[in-house]
Amino acid sequence: MAGLNIKSTKKDKNLTLELSGTVDELAAFSSVSLDNINHLTINAKRIETINSWGVREWIKWVRTYPADLKVTIVGTPQVIVDQINLVAGFLPPGAVVETFYVPYYCNNCGNASNILFNSERDIVNGKMAESKSAICESCSSPAEWDVIVNSYFKFLTTSKK
Amino acid sequence: MKCTNKALSYVKRVATPFGETIPDSIYLVSSTEDLPKDAVPKNTIIVGEKISAKDVVNLANSLGVNHVVQATPEMLEHEVMIAVNMIQNVDSFMSDPLIQILTTSNDKHEKKQINENKMSWNFRSLEEREGIKSEISGYLESVPGSQHVWKAALAVADELLTNALYHNLPMPVKEPKFEDVRLKDDRFAMLFLSYNDGRLVVGCKDPFGSLKTDKLLRQVWASYRGEKIQSVNMNTFGAGIGCRMVFNHSVGFLAGVKPGASTIVCSVIPLGQTNSVSIENTKNLHIAA
């Protein structure tokens with residue numbers, strides 16, 4: 001069974017989790033101890049898919065977070081951004097989505113890929129900074145963002161910056 | 001009743017061959033204001049231009065409409081045909097949904113091609129899920145225009161398979177162990193895919209016929225109320241979010257139920273479209289229960 005791989009690294013009161021694979025009903029979030037942790041960093045870069053049963057497990061897990069836990073999510077892929085935008089309570093209260101991926105499509109060579117955004121640097125007043133453009137990593141041509149930008153960035157209004 | 005001439009001419013052309021046997025009513029709408037406000041006969045086909053996904057679900061949930069069809073020039077005729085066929089002969093849909101959904105003409109070659117493009121997997125336990133998803137990934141590599149939708153197709157396949165299993169367990173269990181997630185009576189369900197030039201169908205058929213479409217629509221409708229889905233039911237499996245995820249990925253959502261005998265749920269995913277284009281697609285809905 002493939003499922004979700006959780007790799008944890010603890011340093012003092014900081015815990016970093018690297019999640020990879022599929023978030024489904026078998027995701028072992030309950031194995032993660034948050035005892036004596038005041039800052040949790042979730043690296044979601046390698047999450048490939050999440051199903052509705054995984055959404056349920058994720059939210060159950062989020063609801064166990066201590067109220068004073070600081071949460072930062074980095075490398076947030078589109079599958080997770082979509083859930084943050086769709087489901088109330090998916091993003092932990094007060095969590096910061098520090099970095100996230102925005103998919104693009106290159107009409108020139110057909111390449112589809114993602115560009116990493118930094119919420120602090122690349123977003124101004126809830127909108128994409130003018131300096132941010134999609135350049136195809138394969139052929140270096142200008143590419144098109146492959147999301148409806150305004151609705152995709154909606155989650156930034158609920159994420160702390 | 002207001003209607004657009006364009007939609008009306010399409011529907012007349014489609015309905016004519018069926019003569020006396022066309023459904024009780026085809027209700028044509030040109031804007032949200034024209035949507036019916038009161039319950040209509042179940043076999044009514046609502047045909048409208050750019051009916052939003054939310055309105056599609058609302059019509060089905062609140063008014064009991066089983067067929068909502070978008071008046072897009074390229075697909076209206078075909079979608080009305082699907083609706084008429086499902087109303088007139090649900091057995092035909094239940095026995096071969098792929099042909100019903102993907103065939104756009106009487107061309108025998110087209111049907112043959114759809115059958116040749118078909119892949120299916122029988123399953124009865126959760127242990128088979130990852131293997132099937134892996135094989136679907138391989139299958140999608142051979143589907144023209146699928147590079148943008150393989151994640152959506154896999155997500156839909158995962159939802160359909162997982163839901164079929166958890167909703168047909170031998171005994172209702174709150175948190176079943178992985179190895180205990182098996183279909184009751186050791187029976188098999190089937191996940192299937194096929195495609196034509198523009199559409200990929202991901203479907204699932206189980207031999208139980210336990211799906212309650214009114215409950216499903218109620219849950220999906222609940223997911224549209226408010227800006228976000230407000231709650232995920234933590235105590236019981238399924239709270240509409242899975243159906244909403246499937247619905248979001250689809251340009252067509254079809255469900256057929258023969259109570260106690262079989263359930264079929266199919267998602268139609270557009271091929272050759274980028275994600276940003278796909279998101280803007282309107283949705284067709286067909287229910288036979």
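Numbers restart at 1 for each chain; the letters A, B, ... are given by sequence-line order, proteins then strands.
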Would you say the side-chain atoms of B:D158 and A:N51 include a donor-acceptor pair closer than 3.5 Å? yes
Heavy atoms, side chains only, cut-off 4.5 Å: are A:N111 and B:Q147 in contact? no
Between B:L154 and chain A, which part of the residue has a heavy atom less than 4.5 Å away: side chain, backbone, both or neither? neither
Identify which part of A:E48 has an atom lying under 4.5 Å from any heavy atom of chain B, answering side chain, backbone, both or neither. backbone
Does NZ in B:K184 sit with more than 12 non-hydrogen atoms of other residues, nucleotides or ligands closer than 6.0 Å? yes
Go through A:T22, A:D24, A:I50, A:V79 and name the one with the most non-hydrogen pairs under 4.5 angstrom from chain B. A:D24
Side chain, backbone, both or neither: which part of A:D82 has a heavy atom under 4.5 Å from chain B? neither
Quick check: do B:Y166 and A:E25 have side-chain heavy atoms less than 4.5 Å from each other? yes
Hey, is the main chain of A:V147 close enough, under 3.5 Å, to the side chain of B:N275 for a donor-acceptor pair? no
Hey, is CG on B:D197 packed in by over 12 heavy atoms from elsewhere, all under 6.0 Å? no
Answer key: most heavy-atom pairs under 4.5 Å with chain A among B:M245, B:K133, B:R244, B:E280 is B:M245
Minimum side-chain heavy-atom gap A:D146-B:V277 below 4.5 Å: no
In terms of heavy-atom contacts, does NZ of A:K132 have more than 12 from other residues, nucleotides or ligands at under 6.0 Å? yes
Quick check: do A:L26 and B:K177 have side-chain heavy atoms less than 4.5 Å from each other? no
When rounded to the nearest 0.5 angstrom, what distance separates CD1 in B:I241 from CZ in A:F90? 8.5 Å
Under 4.5 Å from any heavy atom of chain B - which part of A:S151: neither
Is it the case that atom CD in A:E130 sees more than 12 heavy atoms from other parts of the structure closer than 6.0 Å? no
Determine yes or no for a side-chain-to-main-chain donor-acceptor pair under 3.5 angstrom, with B:E159 supplying the side chain and A:S52 the backbone. yes
